[in-house]
Amino acid sequence: MHRWSELFIPTLREAPADAEVASHKFLVRAGYIRQLAAGIYSYLFLGNRSFNKIIRIVREEMDRIGQEFFLPALHPREIWEASGRWQLMGEHLFRLKDRKGADMCLGMTEEEVMTSIALKELRSYKQLPQIWYQIAPKFRDEPRPKSGLLRIRQFMMKDAYSFDIDPAGLDVSYKKHYETYRRIFDRCGLKYMVVEADSGAMGGKESHEFMVRTPAGEDQIVSCDGCDYAANMEKATSKLAPVADLPPEGDGQPLLVHTPGMKTIDDVAKFLGTSTNNKIKTLALMADATDEAGKKKSRPIVVLMRGNDQLNEAKLNAAVVTATRAMEESEIRALFKSPAGFLGPLGIDWATEIKNGDKPVLLVDKALEGRANLIAGANKEDYHQKNLTPGKDFHPTAYADLRAVTAGEACPKCGKALRIDTAVEIGHIFKLGYRYSESMGLRVLDKNGKEVKPIMGSYGIGIERILTAAVEQGNDADGFWLPAAIAPFEIVVAPVNVKDETVRAAAEDIAKRLEAAGYDVVLDDRDERPGVKFKDADLVGIPFRITVGKKVTEGTVEVVQRSTREVRDVRISAILETFEELLRRAG
RNA sequence: CGGGGCGUAGCGCAGCCUGGUAGCGCACCUGCCUUGGGCGCAGGGGGUCGUAGGUUCAAAUCCUAUCGCCCCGACCA
């Protein structure tokens, strides 16, 4: 039996000054965690108990679809070199040397190790499909660890990898994970959304993120209350209200207009008496790269958008497959022959495709596709152009969805108003495709004895993010409450006065019986005043409290539900039935 | 990496401007008292003032460097 008086549960009255978000404050105050360094935390008794319960759920569900491995955290450089990520990951990868001077790194994810096992061992289509997973620490040298356990440098991750003979097989493995993830997060008692996501630098096609809404989160999620549409901002779209085009002026050819000193979209629209949505916003960006010879070369990326739309950088990065930065004044003048404020698409020899070629890229947001008689800068100080029609007066390298969705716009599925929330990502599944089997040379023989590349999927769950999200999801001024399935204890039994023998014995008896019935119980047998015990019980995340007080003489105790603070008097003789109802049936 | 803030006892803070040998609350220890929401009284222990160097008779305090932590941004499989 767990007796509080013998346990190390260092609760604090005050949160550390450097904690900002609720989960950080409370996990420290409740004695779950202590910080060792930026983004590195120790889990104490309560934290570790909760952690292990989460892991057990993840393991039970993953065992239904896959096989658990345990892979090294310490990796040789070679396998990362082979996948191309020794370079790609840059400073994010923790690197070190062994005594012989050989380069090593700490695993930030395990595609390389899993694939290297697969490539040595998998020979035949008969061995596929495979789903291999592990639950193990991951290391990422984050430029800015933050918000307690939300973004840390060492964390526990369940990572799984699937190998299939063909895309149809991958669809099956993907779906299995999708369903398994739902079961895991349901069992963990989280309220979450599944959103369409950008697959990021990992490549691949289909991708879903499992998100929990909380102001502490780092991701922006667009969702619809009217239907099941939900997507990451990086991917979200909306049904835009149509904008009336201006009538052509004069002969309909591009028309130079004098706009002295009018540099901003608003200035120009007001000056010309039109809506900002008939004005083109021209964004001058630059993509830096190094060529084979190691020489730096930059390629201009110019983006055109509706006047009052905002660019979503993740969408842009996905479209051009590289990071971009704003152009410097000198670069603007070199390309446009004009100062900023009067930029436009005319008079520049744009590339005809994004890939290859050194010519500047003109990307036009889809919201401008099919529009006519727009207004843009004339690439001449104090002048703009009217009557500009994309495809007629200038030719975009490509059209792409680049605009950031804003709250209140119409859902692309059902048309209701979209909402935008911040959320924390607790899981991510995506179809990797052939990236690693390609780069690392994974091949098996198919039915016809022909060598084929298996297709892979990759699936991750952040263990501490489940805990963090649960705390963010259930807390108040006094502390937090975890779903019973992941709480360190389900019930705390609090005798109001341990010096009162009747009370003490009754509490002891109740705790024993509940424990015998299979509940995780802690008996707060400390010789403390009731207030101290109640405050601690409220703080530490245990979903139920049994208060054993004077009413024991009448055969009654109080059962308090932490989340609602609902109190009910329960006959001691009926205590097991009560929790049967409260915990077992509630799941 | 750019911008900002902070390092003084386990936690929260004051002292620094104007240099004079470190203080408050909570926590902790002992005793008494109390027992349905962090009780009361009395006594007590604990600090290289992040680190290094400098100025000075004297540095938590002034100067320089450095390390660490937090926040905003950039970044984020």
Side-chain angles (χ1 to χ4, degrees), chain A residues 8 10-21 24-25 28-31 34-41 80 83-85 88-93 107-112 138-148 150-153 155 157 159 161 197-204 207 209 216-219 232 234 313-314 317 323-326 424-425 427-430 432 435-436 457-462 477-479 494-500 503-504 524 526-539 545-552 557-558 560 565 567:
Chain A
F8 182 60
T11 59
L12 301 175
R13 287 195 186 208
E14 285 172 289
D18 53 18
E20 295 273 322
V21 302
H24 187 196
K25 287 181 185 168
V28 173
R29 280 193 59 200
R34 288 293 185 263
Q35 184 178 35
L36 182 60
I40 305 177
Y41 285 85
W80 286 78
S83 70
R85 295 208 297 178
L88 188 68
M89 287 306 151
E91 306 236 89
H92 247 77
L93 191 61
M108 59 196 306
T109 170
E110 304 275 342
E111 278 84 359
E112 282 79 4
K138 298 286 175 291
F139 301 86
R140 293 182 191 179
D141 197 357
E142 294 288 346
R144 185 149 102 79
K146 57 182 282 200
S147 308
L150 225 43
R151 176 165 292 280
I152 49 188
R153 297 194 290 172
F155 59 98
M157 177 167 160
D159 47 318
Y161 307 87
D198 184 44
S199 44
M202 294 298 302
S207 174
E209 287 169 334
E218 301 185 283
D219 289 279
N232 198 305
E234 303 162 0
E313 286 188 43
N317 291 349
T324 54
R325 61 170 171 85
V424 56
E425 177 186 341
H428 195 171
I429 57 178
F430 53 100
L432 277 180
R435 176 175 169 155
Y436 293 89
S458 158
Y459 317 87
I461 290 179
D478 294 322
V496 148
N497 179 0
V498 292
K499 293 223 172 96
D500 181 325
V503 167
R504 194 201 59 76
D524 191 351
R526 294 176 297 172
D527 182 13
E528 290 283 359
R529 295 173 62 85
V532 173
K533 297 187 182 188
F534 295 160
K535 286 288 184 188
D536 273 344
D538 285 350
L539 174 63
R545 181 180 89 211
I546 300 175
T547 308
V548 183
K550 291 195 187 89
K551 282 181 277 189
V552 282
V557 292
E558 280 170 12
V560 185
R565 300 208 187 258
V567 182

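Worth knowing before you read on, the calculation uses all heavy atoms, side chains too, and leaves out hydrogens, waters and symmetry mates. Every value quoted in this text rests on a predicted model; they were computed, and no experiment measured them. So you know, we letter chains A, B, ... as the sequences are listed, proteins then strands, and number each from 1.
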Among the nucleotides [options], which one has an atom lying closest to any side-chain atom of [X]?
X: A:R153; options: B:G73, B:C69, B:G25; result: B:C69
X: A:E20; options: B:C71, B:C75, B:C13; result: B:C71
X: A:A17; options: B:C39, B:G36, B:C13; result: B:C13
X: A:D536; options: B:G36, B:U34, B:G38; result: B:G38
X: A:A37; options: B:C71, B:C69, B:C11; result: B:C69
X: A:E142; options: B:C13, B:C76, B:C39; result: B:C76
X: A:N497; options: B:C69, B:G36, B:U35; result: B:U35

Rounding to an integer number of angstrom, what distance separates [N] and [M] when you compare their [atom1] atoms?
N: B:G68; M: B:C63; atom1: P; answer: 23 Å
N: B:A27; M: B:C41; atom1: P; answer: 12 Å
N: B:C17; M: B:A59; atom1: C1'; answer: 15 Å
N: B:C24; M: B:G46; atom1: P; answer: 14 Å
N: B:U61; M: B:G15; atom1: C1'; answer: 9 Å
N: B:A9; M: B:U51; atom1: P; answer: 11 Å
N: B:C13; M: B:G53; atom1: C1'; answer: 29 Å
N: B:G23; M: B:C75; atom1: P; answer: 50 Å

Roughly, in whole Å, what's the span from [atom1] in [X] to [atom2] in [N]?
X: A:D18; N: B:C13; atom1: CG; atom2: P; result: 9 Å
X: A:R13; N: B:C24; atom1: CZ; atom2: P; result: 18 Å
X: A:K533; N: B:G38; atom1: NZ; atom2: C1'; result: 13 Å
X: A:K146; N: B:G73; atom1: NZ; atom2: P; result: 6 Å
X: A:R151; N: B:C70; atom1: CZ; atom2: P; result: 13 Å
X: A:D478; N: B:G37; atom1: CG; atom2: C1'; result: 9 Å
X: A:L36; N: B:C70; atom1: CG; atom2: P; result: 12 Å
X: A:R529; N: B:C26; atom1: CZ; atom2: P; result: 15 Å

Would you say the side chain of [X] and the base of [N] hold a donor-acceptor pair, judged only by whether the two atoms sit under 3.5 Å apart?
X: A:R545; N: B:G37; value: yes
X: A:E558; N: B:G36; value: yes
X: A:R29; N: B:G38; value: yes
X: A:D538; N: B:G37; value: yes

[N]: pairing nucleotide in any strand, Watson-Crick or G-U under 3.5 angstrom:
N: B:C1; value: B:G73
N: B:G31; value: B:C41
N: B:G7; value: B:C67
N: B:U48; value: none
N: B:U55; value: none
N: B:A14; value: none

Reported [atom1]-to-[atom2] distance for the pair [X] and [Y], which is rounded to 0.5 angstrom:
X: A:K535; Y: A:D478; atom1: NZ; atom2: CG; answer: 4.5 Å
X: A:E209; Y: A:E425; atom1: CD; atom2: CD; answer: 4.0 Å
X: A:F155; Y: A:L150; atom1: CZ; atom2: CG; answer: 12.0 Å

Which residue, A:P530 or A:A15, contacts RNA chain B at a nucleotide closer to its 5' end, judged by nearest heavy atom? A:A15
First encountered from the 5' end of RNA chain B, between A:S147 and A:P143: A:S147
When all nucleic acid strands are considered with a 4.0 Å heavy-atom cut-off, which category describes [X]: base, sugar-phosphate, or nothing?
X: A:K138; result: nothing
X: A:P495; result: nothing
X: A:A19; result: nothing
X: A:S83; result: nothing
X: A:E528; result: base

Is it true that a side-chain atom of [X] and a backbone atom of [Y] form a donor plus acceptor pair closer than 3.5 Å?
X: A:R34; Y: A:V28; value: yes
X: A:K533; Y: A:V496; value: no
X: A:R29; Y: A:L12; value: yes

No-hydrogen, no-angle side-chain donor-acceptor test under 3.5 Å, A:E111 and A:S83: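 On atom types as modelled, these side chains do not qualify, holding no pair under 3.5 Å.
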Side chains of A:R545 and A:D524 in contact at under 4.5 Å (non-hydrogen atoms): no
How about A:D527 and A:K499: do any of their side-chain heavy atoms sit closer than 4.5 Å? yes
Any side-chain N or O of A:Q35 under 4.0 Å from OP1/OP2 of B:G68? no
